[in-house]
Every structure is written in structure tokens, then in C-alpha cells.
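What follows is one structure encoded as C-alpha cells, with my remarks underneath.
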Amino acid sequence: MTQPVQIRRALGSPPTLPAVDLACLPLLAAALTAAERGWPVIPLHPGSKRPAGHAERACPHTGRCADGHRTPEERATTDPDLIHAAWAHRPYNVGIATGPAGLLVIDLDPVKAEEPKGAPDGATSLQALCERAAQVLPDTYRVRTARGEHLYFTAPAGVRLKCSVDRLGPHIDTRAWGGYVVAPGSTTPDGAYEIAHDAPVAELPGWLATLLTEQDRPAPVPVRVHDGTCAARVALERECAVITAATDGGRNSTLHRSACKVARFVAWGDLPRDVAEQAIQGAGESTGLPPAECRTTIRSALDWVIAHATPREAA
């Protein structure tokens with residue numbers, strides 16, 4: 001059985017704290033380290049990315065929730081006494097509430113197994129985004145995640161950025177207000193979270209903040225195609241409707257999937273490429289995606305599918 005040990009508090013009096021299980025020490029240290037940076041933390045279930053505590057639907061409306069359910073973001077704390085109490089006897093993973101921490105974290109994920117071969121992962125998408133904008137990201141604090149990488153930035157003052165999914169490009173998510181990230185020192189079945197580059201946290205570049213700012217969407221216009229075979233026209237119109245209905249979280253990935261589906265008809269000679277590109281571009285822009293981002297995603301999908309399309313009889 002694990003023997004408890006005594007540890008000293010890094011953040012003020014009293015000089016000693018109650019016993020802590022040895023198995024919990026690394027994660028307690030990770031939580032205190034984040035708190036020392038001014039980043040409020042929440043406990044995540046051991047070995048998981050899921051917040052500990054009750055869900056809103058099961059809220060007892062007592063104790064800390066007496067005045068209404070408190071979300072994990074609202075429960076996040078930098079108080080060393082509360083952190084010690086939470087992590088002393090159970091090895092919770094550590095979550096950092098990005099909004100209250102004043103952070104914008106870019107989360108780069110890998111390609112999913114079911115996606116077309118050649119689809120870009122998060123790191124590739126971010127590099128392409130920087131090249132299109134003729135920008136270079138500043139050196140900043142980075143964490144190697146179980147499947148990718150987190151890039152930490154200080155959120156701009158006076159702007160309440162929200163979380164996003166694929167808004168900057170395929171497999172690029174961001175965590176800000178309304179979200180959290182798994183802190184280094186935590187471990188999940190997919191792997192460990194470790195500091196990859198222990199540099200000061202840089203300010204979020206203005207051009208990225210602009211891309212992440214909510215924009216008004218133009219009203220979608222139904223697509224009517226007059227060129228190509230009947231089947232190709234129907235497919236293009238259907239996929240354009242799918243794109244225009246996409247939500248903020250999946251706009252770019254939806255654009256990529258739909259472009260891939262239409263690209264087969266271009267490869268078979270059933271639909272002029274310029275007709276397909278123009279229609280899909282309009283649908284993509286109607287969701288609020290930047291024109292340059294739409295063009296890059298569409299051309300990448302069309303180029304790959306056209307180069308690797310199977311013969312018509314195999315379709």
C-alpha cells in the first residue's frame with residue numbers, strides 16, 4: 001500500500017500540509033505549477049480528459065452549486081489549499097481553464113483514420129496558414145500532447161475569444177473561453193502530456209486574433225449548376241448545400257469532404273473543374289470561412305482526388 005508523505009507548500013504558509021499519497025505527488029505538483037503561473041486548474045478523472053465532478057443534469061444544487069450549477073470553468077482555481085485537497089489522495093489529471101487563465105491554446109491534431117489519404121494534419125494546416133498569410137509564429141510555450149501539440153499564447157486584451165474547431169484549418173482547434181486543455185504531467189491511454197518547449201508564453205499574433213474573431217456570415221445562396229452531366233450537377237448542388245449548413249466547428253473539414261466527393265465527377269470529365277471550384281468556393285465563403293482558406297482547401301481536395309481517382313466502373 002502506498003505510504004503517505006509530507007510535502008511543503010510552495011505557495012505560502014503553513015509550512016507543512018497534510019499527508020499526500022505518493023502516487024498523487026506528480027499530478028499535485030503539476031497542478032501547483034500551473035497555479036503558480038496564474039492558470040486556474042480543474043481536476044480531470046484519472047487517466048482521462050473528462051472533468052471530475054457532476055454534470056449539470058445531475059447537479060444537486062447544494063454546496064458550491066447552491067446558487068446554480070457551476071461549470072468546470074467556474075470551479076477552476078489557483079488556491080493551493082483547494083488544489084491540495086483535490087489532489088492529495090486521488091491522482092486526478094490536470095486541466096487548465098484557458099479563458100480564466102488568459103490563454104488561447106492552439107491544438108494541433110493528427111489526421112483521422114477514416115479521412116482520405118493525403119489530408120493535412122494540424123501541423124501541416126498551420127504551416128500552410130502561415131505561408132498564405134506570409135507570417136511566422138513567435139516562439140512560445142509548447143506542450144507535446146498524446147496525439148499532437150499545444151501552442152500556448154496570451155489572449156489579446158479586450159477580446160473574449162471562444163473555442164473553435166477547424167476554424168483556422170483542418171485539425172486546428174483552439175481553446176479559450178468555454179474550454180480547457182490537459183496540462184503537462186497528465187497521462188491518458190493515448191499517451192503522456194509533456195512540455196516540448198519551455199519558453200515564455202508569447203502574445204497571440206494579431207492576424208490570428210482577427211481570423212478567430214466572429215464574423216457575420218453572408219446569407220447562403222442556393223447553387224444552380226447548368227454545366228456537366230445530370231448526376232454531376234445534382235452531386236455538386238447537394239454538396240454545396242451540405243457546406244452552407246456546416247456549423248462553425250466543422251466548416252473547413254466539411255468543405256474538404258464535400259470537395260473530395262465532387263472531385264470524382266471532375267476527374268471523370270462529367271463536370272468542368274472551374275464550375276466545381278466556383279460553386280464550392282461560394283458555398284464555403286457563405287459559412288464565414290476566409291476566401292483564401294476556401295481556395296486552398298478546395299484545390300488541395302480536387303488535386304488529390306483527380307490524381308488518384310478510380311476508373312468510373314470501379315465507383
Side-chain angles (χ1 to χ4, degrees), residues 106-133 135 147-149 151 163-175 208 211-212 214-215 217-218 220-223 225 228 231-268 270-310 314-315:
I106 295 178
D107 180 11
L108 305 178
D109 283 331
V111 176
K112 295 180 175 63
E114 64 272 16
E115 292 186 83
K117 184 177 180 181
D121 61 11
T124 302
S125 295
L126 183 60
Q127 181 181 359
L129 177 66
C130 291
E131 290 174 354
R132 292 195 301 271
Q135 299 285 347
R147 300 190 305 140
E149 190 172 34
L151 280 63
C163 299
S164 72
V165 178
D166 288 347
R167 187 178 182 89
L168 295 178
H171 302 297
I172 305 177
D173 300 341
T174 64
R175 296 290 177 262
L208 278 177
L211 291 177
L212 291 168
E214 291 290 338
Q215 300 175 2
R217 295 186 181 186
V221 177
V223 174
V225 183
R233 293 198 305 271
V234 170
L236 179 55
E237 292 177 2
R238 181 180 62 242
E239 294 306 323
C240 285
V242 169
I243 294 167
T244 57
T247 60
D248 284 352
R251 294 174 302 168
N252 197 290
S253 56
T254 299
L255 180 67
H256 186 271
R257 286 195 300 269
S258 291
C260 285
K261 292 178 181 179
V262 172
R264 294 177 302 164
F265 294 96
V266 177
W268 296 334
D270 293 346
L271 187 69
R273 175 164 180 157
D274 63 318
V275 171
E277 287 185 334
Q278 182 177 357
I280 299 173
Q281 178 77 23
E285 290 184 25
S286 76
T287 69
L289 286 172
E293 183 177 341
C294 290
R295 284 193 294 272
T296 299
T297 299
I298 294 166
R299 289 174 183 173
S300 174
L302 291 175
D303 286 347
W304 193 91
V305 173
I306 290 171
H308 299 83
T310 57

Greater than 12 external heavy atoms within 6.0 Å of Gln135's CD: yes
Parallel, tilted or perpendicular, as decided by the 30° and 60° cut-offs, for the rings of Phe265 and Trp268: perpendicular
Spatial distance of atom [atom1] ([X]) from atom [atom2] ([Y]) [nearest 0.5 Å]:
| X | Y | atom1 | atom2 | value |
| --- | --- | --- | --- | --- |
| Glu239 | Arg257 | CD | CZ | 9.5 Å |
| Leu208 | Leu211 | CG | CG | 6.0 Å |
| Cys240 | Leu255 | SG | CG | 9.5 Å |
| His171 | Leu126 | NE2 | CG | 13.5 Å |
| His256 | Thr254 | NE2 | OG1 | 11.5 Å |
| Asn252 | Ile172 | CG | CD1 | 8.0 Å |

Quick check against the 3.5 Å criterion: does [X] have a side-chain atom that pairs as donor or acceptor with the backbone of [Y]?
| X | Y | value |
| --- | --- | --- |
| Thr296 | Glu293 | no |
| Arg273 | Val266 | no |
| Thr244 | Ala241 | yes |

Test log, rule side-chain contact (heavy atoms from CB on, under 4.5 Å), inputs Leu212 and Leu168: CA-CA 8 Å; Leu212 291 168; Leu168 295 178; 3.8 Å; yes
Please name the pair of heavy atoms, one in [X] and one in [Y], separated by the smallest distance, quoted to 0.1 Å.
| X | Y | value |
| --- | --- | --- |
| Thr174 | Ser164 | OG1-OG, 2.6 Å |
| Cys294 | Leu289 | SG-CB, 3.6 Å |
| Ala263 | Ile306 | O-CG1, 4.1 Å |

Ser125 vs Leu129, side-chain contact (heavy atoms from CB on, under 4.5 Å): CA-CA, chis, key distance, verdict: CA-CA 6 Å; Ser125 295; Leu129 177 66; over 6 Å; no
Contact check, side chains of Ile280 and Ser258, non-hydrogen atoms, under 4.5 Å: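 The answer is no; the side chains never approach within 4.5 Å.
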Salt-bridge criterion met for Arg147 and Asp107 (N-O under 4.0 Å):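 Here Arg147 does not pair with Asp107 in a salt bridge, since their nearest N and O are not under 4.0 Å apart.
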